[in-house]
Amino acid sequence: MRVLHVAYSAPPDPPGGTEIYVAGLSRALEPLGVSSIVSAPGPAEARFEHAGLRVRRFEMRSDQLSVAELYGDGDPHAAASFGRLLDAECPDVVHQHALTAACSTRLVLEARRRGIPVVFTYHTPAVSCQRGTLLQFGHSPCDGVLDVVTCSACVLDGLGVSGAVGRVLSQTPSSLGAAIGRFGLSGGPWTALRMTRLIESRFEEIRAFFERVDRIVVLSEWVSDVLRRNGVPDKRMTICRHGVDVPLEPRALHQPGETLRIVHLGRLDPAKGTLLLAKAVSQVPELEVALDIYGIAQSAQGGALAAALQAIADIDPRIRLFGAIPHEQVVATLAAYDLVAIPSQVVETGPLVALEASAAGVPVMASNLGNLRSLVDDGVSGRLVGEYGSAAAWTAAIRQCVADREIAARWREIVAPPRTMTDVAIEMHALYADVLHRRYDVSPLQTVRHE
């Protein structure tokens, strides 16, 4: 069996959680007789090998798309390039892990024209949330319902148009936005006036995408809930939880010291809450705590965040900033700490670091959001911070662990090993076989739940 995976990015771009998942799944599928090709959009078509994986890039021109195309049915040039990739590789199944202007419904249509079934995994809230956080107005958890008025107001708020102005603009008839678009007006106030039409267009694309893929893989319950609220039936969904692509080795004994050692790692982005965590530690200089941050800046915003973190570290020797850890060294690195801090400020399907912490046998202190709620048993195997956006709340949680130096050790004894990527691969192999079988028996829009 040949499976073509479609990710957000490919080497030499720094990998995110989705790309690490795709690479791990590809390797774990190989012993099951599945040959994987990893593909992603790029500036030009290319084929090469990286870390034992076959990689294909298809060419995108998303930087040349209009605002309407970005919100709508995506990059036609990328789809044509992807079609050539399909003809060259002839996969049995396409497994799409991204939904963007380059990785759009157009790619699904290219596969369907060739009789190739498509499986989609919903990795991040950005799949259906235009703000990318699934937090309404950036604060409270959202039900994820695709509502043009509510979502337009929320997106405008994220762009700095808040209050009464945002509420008025969110009521703008989409026909007005369409008319403005026909005149070629965009940017600034014109885009704000077009927002309801742009959001309406985006929702049309999302619904078309969900209808056209053969099966949607969900990684956690909140994703199932969001999909159901938007009309996706259970029979179209398959639950396959995250796994880690690391060996589960015997856990070393760990004795707590006088100083509480906390580690945080991941992409430097406001959504990850790294600066909030650093401030929570720095505002209580008397606490015997050490915070090590391993991060990578993938954008100008990430670079600015790194500078802000370094400024804090320069005046607080308890906080240290390092570069990213190679993936194969993550678990061994985490094992030396008392706690792994995950101050996410978005709803996540993982995150991967929570599973890696479990593999290392280290308890997690995390935001009480998304899938973290199911990964951390609050007060038993770790701590969930309810006011996840408050530095004071994080300070209080850390202070508790400093006051009771045995609490993290007690949590450590309860931390259970996570699922492995081998577990995931076995389930995905069965799903691929199922959609291949049903490709010839029923319409892809009438697929049934994989048992």
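FYI, the numbering just counts along the sequence from 1.
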Which word best sums up how the rings of H97 and H123 line up, parallel for under 30°, tilted for 30 to 60°, or perpendicular for over 60°? tilted

Single hit among V347, L227, L369 for side chain to side chain contact (heavy atoms under 4.5 Å, CB included) with W222: V347

Give a yes or no on this: more than 12 heavy atoms of other residues, nucleotides or ligands lie within 6.0 Å of atom CD of E258. no

Once you round to the nearest 0.5 Å, how far does CD1 of I312 lie from CG of L275? 5.0 Å

Sidechain-backbone polar pair: D92 side chain, R2 backbone, donor-acceptor under 3.5 Å: yes

I need the minimum non-hydrogen distance between L156 and G166, along with the two atoms involved. CD1-O, 3.9 Å

Any T420 side-chain heavy atom under 4.5 Å of D423 side chain: yes

L309 versus L268: any side-chain heavy-atom pair under 4.5 Å? yes

Do the charged groups of D292 and R320 touch, with an N to O distance under 4.0 Å? yes

Can we say D143 and R229 salt-bridge, meaning some charged N sits less than 4.0 Å from an Asp/Glu carboxylate O? no

So Y8 and D13, do their side chains get closer than 4.5 Å, heavy atoms only? no

In Å and rounded to the nearest 0.5 Å, what is the OG to CG distance from S367 to L276? 7.5 Å

Could you check whether R131 pairs with D157 (Lys NZ or Arg NE/NH1/NH2 to Asp/Glu carboxylate O, under 4.0 Å)? yes

When rounded to the nearest 0.5 angstrom, what distance separates OG1 in T100 from CE in M60? 8.0 Å

Run the side chain to side chain donor-acceptor pair (under 3.5 Å) test on S36 and E30 for me, step by step, so that the C-alpha distance in whole Å, both residues' side-chain angles and the decisive distance to 0.1 Å come before the verdict. CA-CA 7 Å; S36 295; E30 186 175 355; over 6 Å; no

G24 to D245 - nearest heavy-atom pair and separation: CA-OD2, 3.4 Å

Ion pair E288/R405, N-O distance below 4.0 Å: no

Closest approach of V127 and L99, non-hydrogen atoms and distance? O-CD2, 3.8 Å

Taking it one step at a time, do S358 and L375 satisfy side chain to side chain contact (heavy atoms under 4.5 Å, CB included)? CA-CA 9 Å; S358 295; L375 295 176; over 6 Å; no

Residues Q400 and D404: side-chain donor-acceptor under 3.5 angstrom: no

Any donor-acceptor N or O pair under 3.5 Å, side chains T395, Q283: yes

Rounded to the nearest 0.5 Å, what separates atom CG in L260 from atom CG in L291? 10.0 Å

Main-chain N/O of R241 paired to R419 side chain as donor or acceptor, under 3.5 Å: yes

Close side-chain approach of V213 to R236, heavy-atom, < 4.5 Å: yes

Thinking salt bridges, do R106 and D75 make one under a 4.0 Å N-O criterion? no

Spell out, as yes or no, whether a donor-acceptor pair under 3.5 Å connects the side chain of R57 to the backbone of P41. yes

When rounded to the nearest 0.5 Å, the distance separating NE2 of H5 from CD of E19 is 12.5 Å

For V346 and A271 the tightest heavy-atom approach is CG1-CB, 3.5 Å

Please confirm whether the backbone N or O of L384 pairs with a side-chain atom of D378, one donor and one acceptor, at under 3.5 Å? yes

Measure from the side-chain N and O atoms of S152 to the backbone N and O of V149, and report whether any donor-acceptor pair falls under 3.5 Å. no

Taking all non-hydrogen atoms of both residues, which atom of L134 and which atom of P125 are closest, and how far apart? CB-CB, 3.9 Å

Ignoring hydrogens and geometry, is there a side-chain-to-backbone donor-acceptor pair from S282 to K279 under 3.5 Å? yes

Determine whether a donor-acceptor pair (N or O, by modelled atom type, separation under 3.5 Å) exists between the side chain of R56 and the backbone of R47. no

Could you give me the CA-CA distance, side-chain angles and deciding distance for M195 and L159, then say whether side chain to side chain contact (heavy atoms under 4.5 Å, CB included) is met? CA-CA 11 Å; M195 188 55 66; L159 295 173; 3.9 Å; yes

For the pair K272 and E348, evaluate salt bridge (charged side-chain N to carboxylate O under 4.0 Å, His left out) and give the outcome as yes or no after the intermediate values. CA-CA 10 Å; K272 297 298 183 180; E348 300 200 59; 3.0 Å; yes

Taking E406 first and then R412, would you say they form a salt bridge - that is, a charged N and a carboxylate O separated by under 4.0 Å? no

Which heavy-atom pair separates G379 from W411 by the least distance, and what is that distance? O-NE1, 3.4 Å

Test side chain to side chain contact (heavy atoms under 4.5 Å, CB included) on R373 and N368; report intermediate values, then the result. CA-CA 6 Å; R373 294 173 174 173; N368 189 14; 3.0 Å; yes

Any donor-acceptor pair under 3.5 Å from Q130 side chain to C151 backbone: no

Side chain proximity check, D434 to R215, heavy atoms < 4.5 angstrom: yes

Return the orientation label for the F210 and F120 ring planes: parallel under 30°, perpendicular over 60°, tilted otherwise. tilted

Nearest 0.5 angstrom please: T124 OG1 to L219 CG, how far? 10.5 Å

Closer than 3.5 angstrom, by distance alone: can the side chain of R212 be matched with the main-chain N or O of L109 as a donor-acceptor pair? no

Worked check of side chain to side chain contact (heavy atoms under 4.5 Å, CB included) between Y122 and S220: CA-CA 9 Å; Y122 187 121; S220 59; over 6 Å; no

Is a donor on one side and an acceptor on the other found under 3.5 Å between the side chain of E205 and the backbone of T105? yes

4.5 Å side-chain heavy-atom contact, Y21 and T18: no

With heavy-atom distances below 4.5 Å as the criterion, would you say the side chains of T333 and V263 are in contact? no

I398 vs I262 side-chain heavy atoms within contact, under 4.5 Å: yes

Looking at R399 and E286, is any side-chain nitrogen of the basic one under 4.0 Å from a carboxylate oxygen of the acidic one? yes

